[in-house]
Protein chains: 2
Amino acid sequence: MPKIQNIKIAVDAIVFGYQNKQLFVLLIKQKYGIFENKWVLPGGLVKNEEALTNAVVRELKEEAGITVNYLEQLFTFGDDIKRDPRNRVISVAYFALVNPQKLVLKADTDAKDVAWFTLNEIPKLPFDHNLIITKAVNRLKSKLHYQPIGFDLLPKYFPFSDIENLYKTILNRNIDRRNFRKKMLSFDILKETNQIQKNNTGRPAKLFQFNYNKYKELEEKGFHFEIKFA
Amino acid sequence: MPKIQNIKIAVDAIVFGYQNKQLFVLLIKQKYGIFENKWVLPGGLVKNEEALTNAVVRELKEEAGITVNYLEQLFTFGDDIKRDPRNRVISVAYFALVNPQKLVLKADTDAKDVAWFTLNEIPKLPFDHNLIITKAVNRLKSKLHYQPIGFDLLPKYFPFSDIENLYKTILNRNIDRRNFRKKMLSFDILKETNQIQKNNTGRPAKLFQFNYNKYKELEEKGFHFEIKFA
DNA sequence: TCAAAAGTGTTTCGCCTACACCCATGT
DNA sequence: ACATGGGTGTAGGCGAAACACTTTTGA
């Protein structure tokens with residue numbers, strides 16, 4: 001007679017934000033339990049009649065009051081049986097991007113606090129959450145090369161230098177400005193607006209907008225976004 | 001008072017095999033239950049104290065008597081709440097490759113029958129298994145371009161034309177023989193043996209061997225396998 | 001007029017592409 | 001000698017890489 005399965009299933013979200021040439025990850029401070037007051041990834045148990053994706057969306061709303069811009073499944077963590085010291089819990093981790101307008105947070109019902117951490121600031125976290133974050137960062141880095149997801153971290157209208165700096169920051173390397181601009185614009189997925197952004201200093205910049213529909217259209221025709229660096 | 005979570009967690013495996021210029025997927029015939037006598041992907045419920053990966057390995061052993069050559073997590077299917085009409089079941093799907101020596105199967109304890117199906121032969125399957133297979137096929141196709149996994153579908157020693165035909169077959173396109181050979185050999189991850197394979201007809205071929213250690217070594221140094229076609 | 005960031009072209013180099021004939025074996 | 005699959009080289013084109021000065025603004 002086999003024992004009845006007794007495994008819990010949870011979702012966790014790694015939410016990235018970008019501002020001022022810095023990449024951030026969203027963490028929440030736990031309100032209850034053995035990890036009270038510890039920072040952890042937002043997430044929680046899936047409800048019986050709830051799609052996994054909905055569980056993530058709900059948790060992000062409940063715990064941090066945000067709605068994300070991009071969401072995809074990252075990986076399911078279930079090989080380490082003791083990853084949660086209390087019960088056997090399998091976690092389906094999701095990878096999410098928000099743009100800076102959403103960087104305003106409020107700790108909602110389920111969290112004591114919410115905050116953005118740069119990668120360096122992230123402390124040692126409970127469970128395998130540091131590992132999950134590492135995996136998410138790798139995914140982000142590699143996706144930048146073959147999917148135009150950088151724009152989901154930027155506001156709707158942005159100066160070209162924003163996307164350039166975003167690549168430099170996240171990939172942590174220098175990029176030839178001229179070649180990068182030429183390549184990126186050659187895809188024809190950015191719409192040049194006639195708005196201008198003035199900075200405190202330096203020449204004002206034209207604002208661009210990511211043309212999602214154009215991108216989807218090109219993709220249908222077999223186009224593949226790809227950007228590489230020397 | 002929240003209801004207790006009542007979700008089952010299962011693993012499923014999509015095992016690919018290759019022989020005679022044909023790609024196969026492994027299916028088993030169910031022995032019990034409402035889908036008795038139906039073909040389905042090998043898999044089953046995860047045990048309470050069992051790592052996900054071990055669950056897959058165990059199921060493949062129990063249901064098909066095989067050990068695979070390559071195994072990676074594919075995707076977790078849990079958005080469709082009714083994917084299993086009986087209970088809420090979330091399935092963590094794995095993607096596996098075997099080489100033809102392992103194409104010998106035996107229906108073991110838990111399955112009534114086991115067989116290899118070409119993609120065309122696969123019938124309409126219960127659950128979302130057709131969808132899972134589609135996703136796995138896409139993963140296989142795209143991975144061939146940037147990871148040397150084709151060799152996990154071939155025997156240890158193989159004539160060069162085998163890998164070339166494998167690419168042609170799976171990607172379903174023609175490939176320039178000379179350019180393909182030049183590129184593949186230029187990576188320096190194939191060891192030329194001094195064995196020769198005689199065929200029924202035509203000139204005998206040198207046998208090659210995939211040099212896994214060399215590949216790992218190069219990868220450490222920042223090398224990235226990548227093969228493209230016009 | 002200086003500082004700071006935006007904007008812009010050309011040459012060089014290496015890689016991918018296209019392409020066809022000879023070789024070794026069995027029948 | 002013929003059929004079958006194995007094995008090989010080169011020229012041209014195209015895109016990636018390297019590289020620095022001018023423009024516009026605010027202080």
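Chain naming here is simple, since letters A, B, ... match the order of the sequence lines and numbering starts at 1 in each.
- Judged by distance alone, the side chains of A:Tyr215 and A:Glu219 do bring a donor and an acceptor atom under 3.5 Å apart.
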- Message: One character per nucleotide, please: for nucleotides 17-27 of chain C, 5' to 3', B when the base has a protein heavy atom closer than 4.0 Å, S when only the sugar-phosphate does, - otherwise.
- Response: BBBB--BBSS-
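- Straight-line distance from the CD atom of B:Glu164 to the C1' atom of D:dG7: 11 Å, rounded to whole Å.
- Between A:Arg181 atom CZ and D:dA17 atom C1' there is a gap of 18 Å when expressed in whole angstrom units.
- Here the P atom of nucleotide C:dT8 and the CZ atom of A:Phe180 are 15 Å apart, to the nearest Å.
- Going from atom NZ of A:Lys206 over to atom C1' of C:dG7 covers 8 Å, rounded to whole Å.
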- Item | Full working for salt bridge (Lys or Arg N to Asp or Glu O under 4.0 Å) between B:Lys29 and B:Glu63 | CA-CA 9 Å; B:Lys29 190 180 267 183; B:Glu63 299 186 328; over 6 Å; no
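- The salt bridge (charged side-chain N to carboxylate O under 4.0 Å, His left out) test applied to B:Lys168 returns B:Glu164, not counting sequence neighbours.
- In this structure, CG of A:Leu185 is placed 14 Å from C1' of C:dG9, rounded to the nearest angstrom.
- The minimum heavy-atom distance linking B:Val98 with B:Asn69 is given by the pair CA-CB, 4.0 Å.
- Salt-bridge formation is not detected for the pair A:Glu220/A:Lys216: no Lys NZ or Arg NE/NH1/NH2 atom is positioned less than 4.0 Å from an Asp or Glu carboxylate oxygen.
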- Task: Could you please spell out the steps behind the salt bridge (Lys or Arg N to Asp or Glu O under 4.0 Å) verdict for B:Glu59 and B:Lys61?
- Result: CA-CA 5 Å; B:Glu59 292 285 355; B:Lys61 195 74 193 167; over 6 Å; no
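- Atom-to-atom, CG of A:Leu207 to P of C:dA6 comes out at 11 Å; the value is rounded to the nearest Å.
- As rounded to whole Å, 15 Å separates atom P of C:dC15 from atom CD1 of B:Ile227.
- Atom CZ of B:Phe160 is separated from atom P of D:dT8 by 10 Å (rounded to the nearest Å).
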